[in-house]
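These notes are about the structure you will find just below.
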Amino acid sequence: PSSMPSGAPTTNGSNNPTLPITPGPTPPPTPGPTRPPTPPPSPGPTPRPTPSPTRATPGPTPPPTPAPTPGPTPNPTLATPVPTSSPTSKWDRILAGHQPYHARAYEWVTTTDTWEPDPSASNPDEQSLERYAMAALYYSFLENHSTASDWMQSSTHHCDWRPTRCDTSSRVNYMSILDYGVVGTFPTEFGILSHLTSLSFENNNLGGIIPSELGRLTLLTYLNLSQNSFAGNVPTELGHLTKLALLDLATNQLSGQIPNEIGALSLMTYLNFFENQLRGTIPNSFGSLTALTRLELDHNDIGGSMPTEFGRLSSQLQELYLNYNDLTGTVPTELGNLVNLRILEMHTNSFSGPIPTEIGNMLSLEAFEIYYNGLTGTIPSELGNLVNLRILAMEENRFSGPIPTEIGNMANLERFQIYHNGLTGTIPSEVGLMSALTTLDFATNQLTGSIPVLPSPLTTLDDCYLAQTYEGVTEQNCFTDSLGNPNTDNAGICVVVNNCI
């Protein structure tokens with residue numbers, strides 16, 4: 001048998017070490033918790049974000065609102081300036097301060113559109129200005145697309161242009177265009193729609209930069225631009241969106257540093273920068289995001305140390321994903337304050353030093369993945385306090401000393417992988433108390449003695465690796481027996497090859 005990493009990198013991750021293992025069946029990688037989709041906004045007039053279920057315990061997720069079948073791929077028309085001397089007096093007044101005009105949108109509202117706001121409306125100019133902005137959106141990426149088949153109708157108010165909704169003052173406050181394959185760029189005219197509370201363009205083909213004008217949408221509570229091709233920096237102006245509860249920019253091509261201004265969004269509960277090309281360091285200001293329940297920074301090129309300010313996120317934080325980055329330094333002891341944390345993924349970085357004993361205070365923890373780092377020292381006996389833990393993946397580090405007997409307290413542990421370290425001593429007999437185990441991998445250490453009676457019945461133990469061969473030579477572990485379990489019927493489930501030559 002041979003051992004392999006708990007999880008395999010996908011995209012934009014660091015280069016992972018490859019174990020030089022030859023013969024024998026290969027255990028499956030540690031399955032990281034399944035990433036659920038970003039919570040969709042509620043369908044009401046003022047949607048609010050709903051946190052997703054944990055990735056570690058996948059469950060049914062509400063499907064997104066069914067989308068119409070996308071039509072042919074649109075051919076976006078770029079916005080081009082037109083002379084500012086041509087507007088009629090009405091539009092000269094309405095568009096004052098919004099030059100240069102979007103050429104086609106300007107032409108449509110001034111020469112083609114015959115719609116007029118209700119004469120009794122208290123805000124006719126504001127409604128007209130938003131109509132111009134909606135026309136700019138249409139010509140930027142929705143022209144000839146089926147999702148906008150009822151747009152640009154002079155006979156209808158733009159509040160009826162689906163999928164858009166308005167508030168009681170006939171101002172646009174909701175827009176959601178998901179999974180339509182929309183191609184194009186965001187026009188700056190988005191900043192005109194200042195009553196928006198929910199904006200989602202998840203899973204399209206939008207590119208270019210995220211316009212700084214989005215910072216004018218100060219009523220936004222939900223902003224989801226994930227799974228597109230946006231590039232450039234994250235606008236610092238997003239720090240003006242102080243009502244924002246959800247910001248999802250995952251799976252784009254964003255670069256540069258995460259703005260420090262994001263730390264001003266004190267109502268944020270869900271923040272996702274997964275799978276971009278972000279560099280720099282994690283802002284210390286993130287310690288002010290005390291309402292956060294889920295933070296995803298994984299699959300980037302973020303460096304530096306983990307801010308000790310994370311310890312301030314103790315009241316709400318449940319999921320923290322930092323894996324596949326270039327983080328260095330020690331694991332801060334302040335992490336022990338995160339008593340409500342259920343998932344902690346820090347693997348595939350360059351952390352060093354010991355695991356702080358304060359980790360034992362995180363009694364809600366269900367998944368602790370810290371493999372592929374440069375951690376040293378002994379395994380803290382305090383890990384035995386984590387009785388809710390289901391995944392413990394610590395392989396490919398430099399741990400030494402014995403396996404603590406306290407691990408027997410983790411009766412709910414399903415995957416225990418600590419191969420490729422420098423552990424010594426014997427395998428504690430308390431391993432036999434871990435009846436939920438499905439994967440056990442202690443290979444390539446310096447363990448000795450007898451193999452203890454493993455959890456019985458062993459029908460749940462799918463993968464058991466206690467030794468490893470490399471180029472035909474047994475590495476490190478040297479046991480005095482092949483299987484220390486008297487139940488010979490289980491001998492085929494946990495096989496130890498050439499333990500002691």
Side-chain angles (χ1 to χ4, degrees), residues 12-13 32-39 49-57 221-226 234 238-239 241-242 244-252 254 257-327 329 331-332 334-349 351 359 362 364-370:
N12 294 326
T34 303
R35 182 186 304 275
T38 301
T50 304
S52 296
T54 171
R55 294 194 294 186
T57 311
T221 62
Y222 186 103
L223 177 58
N224 187 345
L225 305 180
S226 63
V234 178
L238 294 185
L241 308 180
T242 55
L244 206 57
L246 181 146
L247 175 60
D248 192 343
L249 302 179
T251 317
N252 281 287
L254 299 169
Q257 173 130 2
I258 299 174
N260 192 61
E261 289 80 358
I262 298 296
L265 307 179
S266 59
L267 300 181
M268 184 79 68
T269 62
Y270 180 107
L271 180 58
N272 191 352
F273 288 108
F274 164 75
E275 203 171 36
N276 279 282
Q277 299 166 19
L278 296 169
R279 296 182 177 273
T281 59
I282 302 173
N284 293 337
S285 62
F286 274 21
S288 300
L289 302 176
T290 53
L292 268 183
T293 60
R294 179 168 157 184
L295 175 59
E296 301 187 41
L297 303 177
D298 47 321
H299 290 79
N300 281 285
D301 297 310
I302 300 171
S305 59
M306 185 189 301
T308 58
E309 287 80 1
F310 272 178
R312 301 177 189 169
L313 309 180
S314 58
S315 59
Q316 301 295 331
L317 193 63
Q318 297 181 25
E319 301 177 46
L320 178 58
Y321 303 95
L322 303 175
N323 43 300
Y324 293 114
N325 277 293
D326 296 318
L327 294 168
V331 179
E334 288 80 1
L335 281 186
N337 298 338
L338 306 181
V339 293
N340 293 309
L341 199 67
R342 294 186 298 107
I343 300 173
L344 177 57
E345 293 195 12
M346 302 170 58
H347 64 81
T348 322
N349 280 286
F351 288 112
I359 294 292
M362 304 167 71
S364 300
L365 207 58
E366 298 175 12
F368 183 31
E369 300 189 32
I370 200 164

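Atoms CD and CD, on E366 and E319 in that order, are 9.0 Å from each other to the nearest 0.5 Å. Atom CG of N340 and atom OG1 of T293 lie 11.0 Å apart (nearest 0.5 Å). In this structure, N272 CG and L225 CG are separated by 11.5 Å, a value rounded to the nearest 0.5 Å. Distance check: I282 CD1 to F310 CZ gives 4.5 Å after rounding to the nearest 0.5 Å. The CD atom of Q318 sits 10.5 Å away from the OG1 atom of T269 when rounded to the nearest 0.5 Å. Interatomic distance, T221 OG1 to L246 CG, rounded to the nearest 0.5 Å: 8.5 Å.
Between P307 and N284, the closest side-chain pair of non-hydrogen atoms falls below 4.5 Å. Residues H347 and Y324 have side chains in contact (heavy-atom distance under 4.5 Å, counting atoms from C-beta outward). Residues L247 and M268 have side chains in contact (heavy-atom distance under 4.5 Å, counting atoms from C-beta outward). Side-chain contact between I302 and I258 is present, with at least one heavy-atom pair separated by less than 4.5 Å.
The two residues N325 and L297 make their nearest non-hydrogen contact at ND2-O, 3.0 Å. Nearest approach of L238 to I262, heavy atoms of both residues: CB-CD1, 4.1 Å. Contact record, R312 with S288: NH1-OG, 4.4 Å, taken as the closest heavy-atom pair. Considering every non-hydrogen atom in both V339 and S364, the closest pair reads O-OG, 2.9 Å. Counting all heavy atoms, side chain and backbone alike, M346 lies closest to V331 at CE-CG2, 3.8 Å. Of all the heavy atoms in R294 and L317, the pair that sits closest is N-CD1, 3.9 Å.
At distances below 3.5 Å, at least one donor-acceptor pair connects side-chain atoms of N276 with backbone N or O atoms of N252. A donor-acceptor pair under 3.5 Å is absent between the side-chain atoms of N337 and the main chain of L335, judged by distance alone. With N260 contributing its side chain and P283 its backbone, the two residues share no donor-acceptor pair below 3.5 Å. Judged by distance alone, with hydrogens and angles left aside, the side-chain atoms of N349 form no donor-acceptor pair with the main-chain N or O of F351 at under 3.5 Å.
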*asked:* Go through it in stages, so that I can follow the logic: the residues are L292 and Q316, the test is side-chain contact (heavy atoms from CB on, under 4.5 Å), and I'd like the CA-CA distance, side-chain angles, deciding distance and then a yes or no.
replied: CA-CA 6 Å; L292 268 183; Q316 301 295 331; 5.9 Å; no
*Report the C-alpha separation of N323 and H299 in whole Å, then their side-chain angles, then the decisive distance to 0.1 Å, and conclude whether the side-chain contact (heavy atoms from CB on, under 4.5 Å) test is met.*
CA-CA 7 Å; N323 43 300; H299 290 79; 4.0 Å; yes
*Would L289 and L295 satisfy side-chain contact (heavy atoms from CB on, under 4.5 Å), going step by step from the backbone distance to the final call?*
CA-CA 10 Å; L289 302 176; L295 175 59; 5.8 Å; no
